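This structure is a prediction, so every number in the text was calculated from the model and none was measured.
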Amino acid sequence: MSFDLNLTKRIGETDIACRIEPGEGLTVLFGPSGAGKTSVLNMVAGLVTPDAGHVRVGGETLFGEGVNLPPERRHAGYVFQEPRLFPHLRVGANLRYGASDGAPLDGVDFLGIGHLLDRWPRTLSGGEARRVAIGRALLSSPRFLLLDEPLSSLDRARREEIMLVIERLRDEARLPILMVTHDRGEAERLGSRIVEM
Amino acid sequence: MLTAAEWGIVLLSLKVGGVAVLVTLPVAFALAYLLARARFPGKVLVDAAIHLPLVVPPVVTGWLLLLAFAPAGIVGGWLESWFGVSVLFRWTGAAIAAGVMALPLMVRAMRLSIEAIDRRLEAAASTLGAGRARVFWTITLPLSLPGVLAGAVLGFARALGEFGATITFVSNVPGETETLPLAIYAALQQPGGEAMVLRLAAISVLLSLVALVASELLARRAGRGLHVL
């Protein structure tokens, strides 16, 4: 299971090009702000349509060769840069949104969010909201994970907490992960390989 | 206190306003959604047409409704031949006039609340496996609900006050089309009708005030409800 991408897209005046050869583990997409890293994740998730190229994950073509699966059929576990929790649903309902009916929430016990289930998203701290967003993505039974700057705007303790979560996902869940960051330290610690943009 | 006849007028007004808003609601939401989300040629014209009742003299709107719903009119002829019904001089006609006059206000409130929805939340829902219909029912609609309710309340208040289009379209038939504003106008024309005018006017002000306060509270709630982390 791994990513195999070759994408081009013109957004406004910017040309975005990204090529990732198949490879195991956590792939870090590294580069300065404005290089189009988030756009690449959006193209893998199906939220933005590339101009040309292909997106394959674990051998399945999500885009290219006449295929363009809609986002809801790609089974991406996408953790956005901002948590994007649904403000009108409590944490529990947010977590269950993508889960199959009646699925237990204990699969994400390790995130330490069990006590937050009855809270409203607006009452969560930044670190809690981030963990809930990760939990929501994981509970949707994703085939792969997309993490967009999952450590940004968190204090040091929270960053360490989330980094441990990501390492666990990388080593134990063995899901292919594509992660965007502009922090060299994060990229080197977490990435099985680093793709510069 | 109100006499039995006056209570009848109040209840008729509430019925006309309530039915007008309930029937107009889905139409207004569909139009608001279209204007907020879709791009199509002639959108400016559609937008303008929806807002026409707000700026055209109500008498003109009533006259146009009369033309359309008269037995020889486009809609009237169809209603007559298929269902054998006519809305002229009936409370249903008054509800149609009220609905048409309330439509622009309802569309406006709903459109603003649909436009205020963070589209990124809908994108997040789709990555979680929700198709378009589920995204609409579970994200778009609930998040626009405060605006929908505010629009409905505002439309209801507008419908309660409808005069010009109603009297032109369905005339003033006591017990059938005589809503509060029409009854107040009729009482003003009668010698000694001042006491009735006072009572009905007080009720009108009270109902409108309640509707406006409710609309304002819902709009504020909408602002809070859309708070996104």
Side-chain angles (χ1 to χ4, degrees), chain A residues 38 41-48 62 69-89 91 93-101 103 119-130 132-133 135-146 148 153, chain B residues 25 29 32-33 36-40 109-153 214-229:
Chain A
T38 298
L41 291 194
N42 284 338
M43 286 188 264
V44 176
L47 298 174
V48 171
L62 307 180
L69 289 184
E72 65 268 23
R73 288 177 50 205
R74 293 197 179 198
H75 304 282
Y78 196 163
V79 180
F80 300 90
Q81 199 169 346
E82 61 298 330
R84 297 199 195 181
L85 300 179
F86 306 129
H88 59 300
L89 301 177
V91 167
N94 263 284
L95 287 170
R96 280 187 203 93
Y97 191 87
S100 43
D101 286 336
R119 298 260 296 270
W120 292 101
R122 63 175 171 273
T123 68
L124 301 180
S125 71
E128 287 170 337
R130 192 70 52 106
V132 172
R136 185 176 68 173
L138 289 175
L139 285 165
S140 69
S141 323
R143 292 192 197 142
F144 58 94
L145 289 181
L146 304 171
D148 192 357
S153 67
Chain B
L25 199 66
F29 187 83
Y33 190 83
R37 293 287 174 86
R39 281 194 207 165
F40 55 92
M110 293 179 196
R111 179 184 180 171
L112 286 175
S113 87
I114 295 169
E115 281 172 347
I117 294 174
D118 187 347
R119 303 287 300 266
R120 296 174 307 173
L121 294 173
E122 295 172 330
S126 71
T127 66
L128 290 166
R132 280 187 178 195
R134 182 160 177 237
V135 171
F136 176 80
W137 289 110
T138 59
I139 307 294
T140 317
L141 191 61
L143 287 179
S144 60
L145 208 55
V148 170
L149 293 175
V153 175
S215 167
E216 179 61 29
L217 291 177
L218 288 168
R220 278 194 211 168
R221 206 185 135 80
R224 275 209 305 276
L226 293 176
H227 176 82
V228 176
L229 278 163

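Per-residue heavy-atom pair counts under 4.5 Å with chain B were compared for A:Pro71, A:Gly98, A:Gly126, and the maximum is reached by A:Pro71.
In this structure, the portions of A:Tyr97 lying under 4.5 Å from any heavy atom of chain B include both its backbone and its side chain. With a 4.5 angstrom heavy-atom cutoff, A:Ala137 touches chain B only via backbone atoms.
The line from OG1 of B:Thr127 to CG of A:Asn42 is 10.0 Å long, rounded to the nearest 0.5 Å.
No side-chain heavy atom of A:Pro87 sits less than 4.5 Å from a side-chain heavy atom of B:Asp118.
Counting heavy-atom neighbours within 6.0 Å of B:Arg37 CZ, excluding the residue itself, gives a total above 12.
Judged purely by atom type and a 3.5 angstrom limit, A:His88 uses its side chain to pair as donor or acceptor with the backbone of B:Thr138. Judged by distance alone, with hydrogens and angles left aside, the side-chain atoms of A:Arg84 form a donor-acceptor pair with the main-chain N or O of B:Arg120 at under 3.5 Å.
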Go through the steps to decide whether A:Phe86 and B:Leu128 satisfy the test side chain to side chain contact (heavy atoms under 4.5 Å, CB included), and finish with yes or no. CA-CA 12 Å; A:Phe86 306 129; B:Leu128 290 166; 4.1 Å; yes
